[in-house]
Amino acid sequence: MRFVADLHIHSKYSRACSRDCDLEHLTWWARRKGISLVGTGDFTHPAWYDHLGENLVEAAPGVFRLRDDLDRDIDRRLPPSLAGAPVRFMLSVEISTIYKRGDRTRKVHHLIYMPDLSSAARFNARLAKIGNLGSDGRPILGLDSRDLLEITLECGGYLVPAHVWTPWFAVLGSKSGFDAIEDCYVDLASHVFAVETGLSSDPEMNWRVSGLDKYRLVSNSDAHSPPVLGREATVFDTELDYYSVRKALETGEGFAGSLEFFPEEGKYHVDGHRKCGVRMEPRETSAHNGTCPECGKPLTVGVLSRVEELADRPHGARPPGAAGFTSLVPLPEVVSEIVGTGPKSKKVLAEIDKLTAALGPELVILRDVPVDDIAAHSPLLAEAVTRLRRGEVVRDSGYDGEYGVIRVFEPGELERRRSAFALFDYDAPRPSTVERPRPAPAPVAAAAVPAPVVAGSSLLDGLDPEQRAAAEVDGGPLLIIAGPGTGKTRTLTHRIADLVTSRGVPAAQCLAITFTRRAAEEMAERLAALAPDAVGELTIATFHSLGVLILREHGAAFGLSASFGVADPERQLAVASSVVADEKEARALVAAGDARYKKALRAQDLVDFDDLITLPLALLEESAALVDAYRARWRWVSVDEYQDVDEQQYRLLRLLVPPDGNLTAIGDPDQAIYRFRGADVGFFLRFREDFPGARTVQLTRNYRSSAAVVAGALEVIAPSSLVPGRELRPMADHGDAPIGVHHASSEAAEAAFVARTVEQVLGGASFHAFDSGRVVGDGTQGLGFADFAVLYRTDRQSRALVEALTRSGLPFQKRSHDRLADRPGVARIAHDLRFAAGETVSERVRAVAGDDHTAYELLKPLAASCGTDFERFHSALALGVEVDTWDPRADRISLLTLHASKGLEFPVVFIVGCEDGLLPLRWPGADDAEAVDEERRLLFVGMTRARRHLFLSHTSGRPRSPFLAALESYERLGDAQPRRRRKGTQLSLL
Ligand code: ATP
Ligand code: MG
């Protein structure tokens with residue numbers, strides 16, 4: 001059977017889509033248009049998915065029809081010429097992936113089809129681990145296109161790249177796409193068999209690119225409201241079921257071509273600059289070197305140019321076996337031209353009501369009804385259809401987001417003819433206008449890619465002279481005072497790698513201590529790259545995991561077995577509750593480290609987090625022999641972030657290293673932020689007394705941040721810097737965007753500012769008044785979601801951010817409380833494994849399992865509950881990197897506390913709540929000058945996380961932070977206005 005299909009539409013749950021996008025309206029309009037198969041759109045949206053399940057029944061394998069009762073209602077509202085025609089639905093969704101590949105931001109839209117609701121449900125469950133499906137029917141995922149295809153295939157569906165030529169959102173798009181389908185889907189590309197040509201291109205244009213010969217060229221409406229259904233469509237000549245459609249697309253058998261817009265009507269057909277009213281054909285564009293003659297900025301390059309760029313065949317070429325196509329103008333537009341009112345006007349609708357009642361569905365009128373039959377109703381329309389069928393139309397090409405206009409009649413012609421023919425009664429002719437969605441933002445400027453670093457012959461060649469001087473110091477105590485972004489971690493890892501690979505130090509003698517497991521993981525990763533053969537022998541630990549190690553060896557002194565467990569807070573409370581019944585009292589016991597509670601812990605072969613330092617310390621303080629043994633074992637010790645050691649850790653370290661030992665301590669006193677947890681920057685400041693003869697080296701070149709960020713951070717820290725004559729020189733070329741300061745009316749408005757700015761940056765907009773536009777490709781600066789971080793002082797502040805980002809459909813991840821046990825589905829297994837607070841899967845499993853095979857067995861259920869591919873999970877484990885129970889491939893914005901941001905870096909950083917009372921945070925008994933200084937350091941830490949862009953915001957809720965007073969030069973960003981998203985406005989990101 002021959003039928004028309006429109007397999008790319010949206011439901012009312014997609015942004016900027018009509019409220020009428022529901023099954024009933026879609027069915028009504030499909031009959032009116034003459035379409036037999038319609039995509040459901042949006043099946044990943046939970047509410048729409050439920051709606052589909054409740055209102056559709058399976059009609060044939062993989063296709064559905066509306067429930068009988070609803071269907072009968074619809075037929076009652078249609079003339080007999082249209083009623084009763086079969087309308088089937090196929091599960092479809094459009095997904096937008098935004099991610100980084102090869103230093104460029106990629107934005108690609110894909111259509112996904114599933115054969116049944118349970119496959120769709122599986123697919124939805126997988127995607128729910130990656131992004132937010134509930135805020136938009138067209139979800140945005142920070143996922144590589146290839147991985148989306150993999151998930152699609154694993155769930156039994158197929159994928160069709162959407163409107164492949166659109167500059168910003170498509171697989172072959174000039175702005176953020178690829179030069180070939182294969183480059184996007186890489187090893188899985190052979191599973192793609194059809195591509196959607198989109199409104200701005202037709203098959204004839206696509207035929208010029210021989211790389212596309214193997215794909216079926218499909219067309220759909222991408223309808224945001226039911227009346228535009230079928231404005232482009234695909235024709236099949238096969239059975240009306242999912243599997244036949246899929247097979248027709250795979251093999252070409254039963255695929256009967258497409259119904260097309262004239263490509264000139266698409267809004268990105270030729271090149272131009274809408275703002276300047278400049279429109280150009282590809283040849284003119286190259287004559288102008290791609291820049292706008294009005295404003296000098298790059299022109300938006302349209303589909304025609306892009307096709308020209310990739311074409312390897314001349315105009316008019318047609319590959320053998322290619323299916324045909326028919327170019328059409330939607331009937332409402334034709335009628336609109338004749339009657340002189342808009343295509344959505346009542347008048348046009350009424351005329352089409354009459355026409356379709358008499359002649360059948362719109363597409364049938366346009367394509368099949370004999371012109372004489374049309375002439376009986378309207379000679380003008382008959383003339384229009386005649387011309388249309390011959391392709392004799394006047395084309396006014398679309399460009400830079402502006403739809404083109406296709407006219408059937410020459411200017412003035414209608415007026416002349418109207419005197420001769422008058423079927424439609426018409427008003428004085430007005431140009432027909434279509435309500436147009438807002439165009440995507442204009443691009444900013446040309447590409448700039450940093451030069452690659454050339455690898456040298458010595459490991460230390462990658463270091464600058466200061467770093468190198470520090471790394472080359474032989475033995476003995478060494479203090480490296482180093483500002484943020486000066487390459488502390490880099491210097492430390494190169495020093496260790498060089499010691500073990502070139503200076504004959506046995507790797508087993510090296511102990512590297514970091515503060516967080518994240519830092520330990522990063523260090524392990526970097527060392528694995530620098531000294532792959534030695535990394536297995538090195539001991540890379542946090543103070544706590546070092547404690548575990550010592551207790552595994554000598555815990556018997558406290559009655560612990562070699563496989564003791566570390567109690568998490570829940571467990572600690574449970575143990576304390578076995579001593580005293582009252583919960584409040586039990587909490588008090590835990591907090592005080594009460595002897596009865598500790599005894600009960602030991603009885604269960606458990607320790608708590610504090611024990612991991614105090615017990616090893618007690619052991620070493622008691623036994624000189626043990627001290628000697630450990631000193632002999634680790635002759636080379638390094639400690640990162642030395643400014644944050646607390647007294648217990650300090651004492652442990654003094655025991656592990658003799659006063660003249662090979663201790664390298666590195667840190668920045670101005671980044672000491674753990675006083676509240678007992679850290680004491682004083683230990684850093686008196687290093688040279690503790691280790692007489694220690695050498696001191698300073699690192700002053702900052703490689704992380706733009707000049708503006710470095711200058712701003714220095715201004716902020718200056719009033720209480722602990723480093724006399726603090727120097728920090730920006731080395732990186734990260735553009736000249738100033739620090740942005742934004743005042744919002746409320747926390748919600750502040751969060752909306754964050755979401756909006758992320759959208760703008762990723763949408764490629766120039767968002768800094770002073771931005772010189774040193775950007776890559778489409779203005780997005782090659783960023784992905786993972787390049788953004790939002791930092792705040794207290795976890796409570798994250799709530800507004802979570803809400804705003806959720807509402808915007810932006811994928812994010814709260815990383816401050818990264819305890820695995822907090823994640824859904826993992827709690828039980830985590831409990832069985834007895835995770836300590838803050839412990840990673842890898843640490844815990846290594847500790848418990850001892851070997852990889854046992855680890856594998858232990859982790860199987862965990863991996864299953866994560867829904868992640870176990871091989872990936874396991875290899876991540878083997879590398880020692882943190883295992884995330886979300887889909888590890890997902891790219892997300894990080895939300896973290898300022899404390900948790902320590903040591904990390906991001907191209908774009910927001911610090912919200914820069915207010916007196918939050919930053920500095922004030923709480924009873926802690927508003928002394930020392931506490932305020934530490935808060936200032938915390939802001940310094942936060943600011944220096946930023947590479948390229950830094951935004952500081954505050955709300956009217958409190959006075960502005962006194963720390964901002966120091967900022968000399970910054971850009972005030974427009975005061976917050978409640979986000980107004982008019983109906984019909986699609987996010988610039990999409
Ligand atoms: P923090 O105090 O914030 O922890 P850090 O001193 O540990 O900072 P790193 O994370 O080691 O800094 O380095 C900061 C950035 O600078 C990294 O992106 C790193 O790759 C880069 N970097 C460090 N040294 C150099 C160098 N010599 N040449 C080029 N880039 C460098
Ligand atoms: Mg660091």
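Residue numbers start at 1 and run along the sequence shown. Source: prediction; values computed, not measured. In each ligand, atom 1 is the first atom listed, and ligand 1 is the first ligand listed.
- The side-chain tip of Arg729 does not point at the ring of Tyr703 from less than 6.0 angstrom away and within 45° of straight on.
- Contacts with ligand 1 closer than 4.0 Å are made by side-chain heavy atoms of Arg947 only, the backbone lying farther away.
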Discussion item. Gln648 vs Phe543, test: side chain to side chain contact (heavy atoms under 4.5 Å, CB included). Steps then yes/no.
Written reply: CA-CA 10 Å; Gln648 307 264 331; Phe543 272 106; over 6 Å; no

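- In this structure, Arg633 is not positioned above the aromatic face of Tyr630 in the sense of NZ or CZ being under 6.0 Å from the six-membered ring centre and within 45° of the axis.
- A side-chain donor-acceptor contact under 3.5 Å links Ser721 and Asp670.
- Distances between N or O atoms of Gly487 and those of ligand 1 include at least one value under 3.5 Å.
- When atom types are taken as modelled, the side chain of Gln671 and the backbone of Asp668 share no donor-acceptor pair closer than 3.5 angstrom.
- Checked by distance only, ligand 1 and Glu522 stay at 3.5 Å or farther apart across all their nitrogen or oxygen atoms.
- The residue among Arg945, Lys902, Glu466, Glu905 with a heavy atom at the shortest distance from atom 14 (C) of ligand 1 is Glu905.
- Contacts between Arg468 and ligand 1, counted as non-hydrogen atom pairs separated by less than 4.0 Å, are absent for every part of the residue.
- One option in Arg701, Arg490, Arg704, Gln671 has a heavy atom closer to atom 10 (O) of ligand 1 than any other, and that option is Arg704.
- Any N or O atom pair closer than 3.5 Å counts here, and Gly485 shares at least one such pair with ligand 1.
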